Number of protein chains: 2
Amino acid sequence: MTTAHELTKNQTLVFNTLSRADGPLSAYTILDQLRGDGFRAPLQVYRALEKLLDYGMVHRLESINAFVACAHPHNHSHSHGMTAFAICEKCGQVSEFSDDVITQRVRQWTTDNGFKQTKTTIEIRGVCAACGTA
Amino acid sequence: MTTAHELTKNQTLVFNTLSRADGPLSAYTILDQLRGDGFRAPLQVYRALEKLLDYGMVHRLESINAFVACAHPHNHSHSHGMTAFAICEKCGQVSEFSDDVITQRVRQWTTDNGFKQTKTTIEIRGVCAACGTA
DNA sequence: TCTCGATATGTGATGTTATTACATTAGTCA
DNA sequence: TGACTAATGTAATAACATCACATATCGAGA
Ligand SMILES: [Zn+2]
Ligand SMILES: [Zn+2]
Ligand SMILES: [Zn+2]
Ligand SMILES: [Zn+2]
């Protein structure tokens with residue numbers, strides 16, 4: 001079901017920047033990294049991000065105003081469930097996972113309450129195993 | 001276990017503003033509503049919000065950069081579980097709830113992965129029952 | 001091939017959200 | 001009193017995001 005999306009030049013540049021990064025980047029950090037490629041304005045980044053988010057290739061981390069490449073590069077659908085993120089406040093590493101039980105419980109609540117969900121954000125802030133023992 | 005906190009003047013003003021509102025407010029909206037009470041700068045709002053968040057009297061909605069008074073005004077602890085929010089994109093109404101199963105599953109993941117969580121954000125965006133049938 | 005419409009891009013200005021830095025005021029307690 | 005802490009006031013700045021308008025690119029059909 002994974003549709004291959006033909007990325008435009010700017011989308012490719014932004015996606016590659018995120019893919020190479022070892023953690024989430026802010027839009028302005030991406031902009032700075034792409035100055036050498038001709039990027040001059042935030043909108044160039046935000047427009048590319050908008051598409052990449054649509055395609056499911058990138059996620060937005062609401063709690064830190066940053067963006068990260070999807071951890072499942074060959075399966076951009078996330079068709080079955082909601083995605084959760086654990087964000088380390090020490091090293092910035094993000095772990096992406098999904099949990100069917102959580103997905104079901106959220107769906108249960110929305111069903112029970114007549115709420116039509118369009119997007120769900122689950123972000124766990126804290127300290128990762130590596131940083132916790134360091 | 002609910003500790004009564006003595007609020008300062010600014011904290012009281014900000015909390016009352018949020019309590020009277022029928023939905024979440026941005027810090028700058030709060031500021032505007034408090035101009036008549038002598039508020040002149042964002043920091044006055046942010047400093048009060050910081051304390052109110054500490055006390056658990058107010059929640060920050062990460063996905064919309066806004067703040068809302070806790071829906072459980074006489075029990076600011078949230079001691080037992082994580083709080084989730086359903087945010088209507090039509091009318092702005094926020095429903096606050098907590099689900100033990102979700103809390104347990106998140107804890108399970110963090111335990112399994114050695115992740116020390118400090119705060120967890122769960123926000124469901126969509127359309128509430130009232131707006132969905134309107 | 002030409003024209004049209006849709007999509008993508010370039011650019012400056014502006015809007016929105018949050019913090020830094022420093023000065024001042026008010027309460028607490030030897 | 002003096003010394004300390006918490007709270008407040010204010011200006012400036014930083015960080016994040018969008019609007020408005022111009023230009024470019026590309027493909028479907030006349
Ligand atoms: Zn993903
Ligand atoms: Zn870490
Ligand atoms: Zn609450
Ligand atoms: Zn609604």
Side-chain angles (χ1 to χ4, degrees), chain A residues 3-18 21 23-55 57-68 87 89 92 94 119 121 123 125, chain B residues 3-18 21 23-55 57-68 87 89 92 94 119 121 123 125:
Chain A
T3 306
H5 293 282
E6 284 304 318
L7 298 186
T8 66
K9 174 164 144 284
N10 286 2
Q11 287 159 20
T12 302
L13 287 165
V14 169
F15 183 65
N16 288 344
T17 301
L18 281 174
L25 301 179
S26 77
Y28 278 73
T29 301
I30 296 170
L31 174 58
D32 286 341
Q33 297 199 9
L34 290 176
R35 298 256 181 218
D37 295 284
F39 272 48
R40 327 206 83 223
L43 203 48
Q44 295 174 288
V45 177
Y46 282 109
R47 284 202 276 227
L49 285 172
E50 184 179 16
K51 292 293 185 185
L52 295 170
L53 290 166
D54 276 354
Y55 301 156
M57 300 171 68
V58 161
H59 299 290
R60 175 188 174 86
L61 302 177
E62 307 279 4
S63 66
I64 58 173
N65 295 324
F67 303 85
V68 67
I87 306 166
E89 307 196 300
V94 174
K119 181 173 194 275
T121 297
E123 296 177 18
R125 308 285 299 276
Chain B
T3 305
H5 293 282
E6 285 304 319
L7 298 185
T8 66
K9 174 164 144 283
N10 286 4
Q11 288 160 19
T12 302
L13 287 165
V14 169
F15 183 65
N16 288 344
T17 301
L18 281 173
L25 301 178
S26 76
Y28 279 76
T29 300
I30 296 170
L31 174 57
D32 285 340
Q33 297 198 10
L34 290 176
R35 298 257 182 219
D37 295 285
F39 272 48
R40 324 207 89 222
L43 201 49
Q44 294 175 288
V45 177
Y46 283 110
R47 285 203 276 228
L49 285 172
E50 184 179 16
K51 290 296 186 182
L52 294 169
L53 290 165
D54 276 353
Y55 301 157
M57 300 172 68
V58 161
H59 298 291
R60 174 188 177 88
L61 302 177
E62 308 279 5
S63 66
I64 57 173
N65 295 324
F67 303 86
V68 67
I87 305 167
E89 306 194 303
V94 174
K119 181 172 194 271
T121 297
E123 295 178 18
R125 309 284 299 274

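We name chains A, B, ... by the order of the sequence lines, and we start the count at 1 in each one. What you are looking at is a predicted structure, and each value in this text was computed from that prediction instead of being measured.
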J.: Using a 3.5 Å cut-off and no angle test, enumerate the donor-acceptor pairs between side-chain atoms of residues 58-68 of chain A and protein atoms at least two apart in sequence or in another chain.
T.:
from    : atom 1 : to       : atom 2 : distance (Å)
A:His59 : NE2    : A:His78  : NE2    : 3.2
A:His59 : NE2    : A:Glu96  : OE2    : 3.0
A:Arg60 : NE     : A:Glu62  : OE1    : 3.0
A:Arg60 : NH2    : A:Asn65  : OD1    : 3.4
A:Ser63 : OG     : A:Glu123 : OE1    : 2.5
A:Ser63 : OG     : A:Arg125 : NH1    : 3.4

J.: Counting C-beta onward and ignoring hydrogens, is there a side-chain heavy-atom pair between A:Val14 and A:Leu7 closer than 4.5 Å?
T.: no
J.: Residues two or more places apart in sequence or in another chain: which of them pass side-chain hydrogen bond (donor to acceptor under 3.5 Å, both in side chains) with A:Thr8?
T.: A:Gln11
J.: Residues two or more places apart in sequence or in another chain: which of them pass side-chain hydrogen bond (donor to acceptor under 3.5 Å, both in side chains) with A:Ser26?
T.: A:Thr29
J.: Starting at the 5' end of DNA chain D, what dot-bracket string do you get if Watson-Crick and G-U pairs under 3.5 Å are bracketed, crossing pairs use [ ], other-strand pairs use | and unpaired bases use dots?
T.: ||||||||||||||||||||||||||||||
J.: Between which nucleotides of DNA chain D, read 5' to 3', does contact with chain B run, using atoms under 4.0 Å from its heavy atoms?
T.: D:dA7 to D:dT10
J.: Residues from residues 27-53 of chain A sitting under 4.0 Å of DNA chain D, heavy atoms only?
T.: A:Tyr28, A:Leu43, A:Tyr46
J.: How long is the span from the CG atom in B:Asn10 to the CG atom in B:Leu49, to the nearest 0.5 Å?
T.: 11.0 Å
J.: Going from CZ on A:Phe15 to OH on A:Tyr55, what distance comes out if it is rounded to the nearest 0.5 angstrom?
T.: 12.5 Å
J.: Can you give me the first and the last nucleotide of DNA chain C (5' to 3') that has an atom within less than 4.0 angstrom of a non-hydrogen atom in chain B?
T.: C:dT17 to C:dA21
J.: Output every pair passing salt bridge (charged side-chain N to carboxylate O under 4.0 Å, His left out) with a member in residues 43-53 of chain B, not counting sequence neighbours, ordered by first then second residue.
T.: none
J.: For DNA chain C, whose closest nucleotide is more 5', that of A:Asn10 or that of A:Asn65?
T.: A:Asn10
J.: Rounded to the nearest 0.5 Å, what's the gap from CG on A:Leu31 to OG1 on A:Thr17? Could you check?
T.: 10.5 Å
J.: Name every donor-acceptor pair, under 3.5 Å, that has one atom in a side chain of residues 35-45 of chain A and the other anywhere in the protein, sequence neighbours excluded.
T.:
from    : atom 1 : to      : atom 2 : distance (Å)
A:Arg35 : NE     : A:Asp32 : OD1    : 3.4
A:Arg35 : NH1    : A:Arg40 : O      : 3.4
A:Gln44 : OE1    : A:Arg40 : N      : 2.6
A:Gln44 : OE1    : A:Ala41 : N      : 2.9

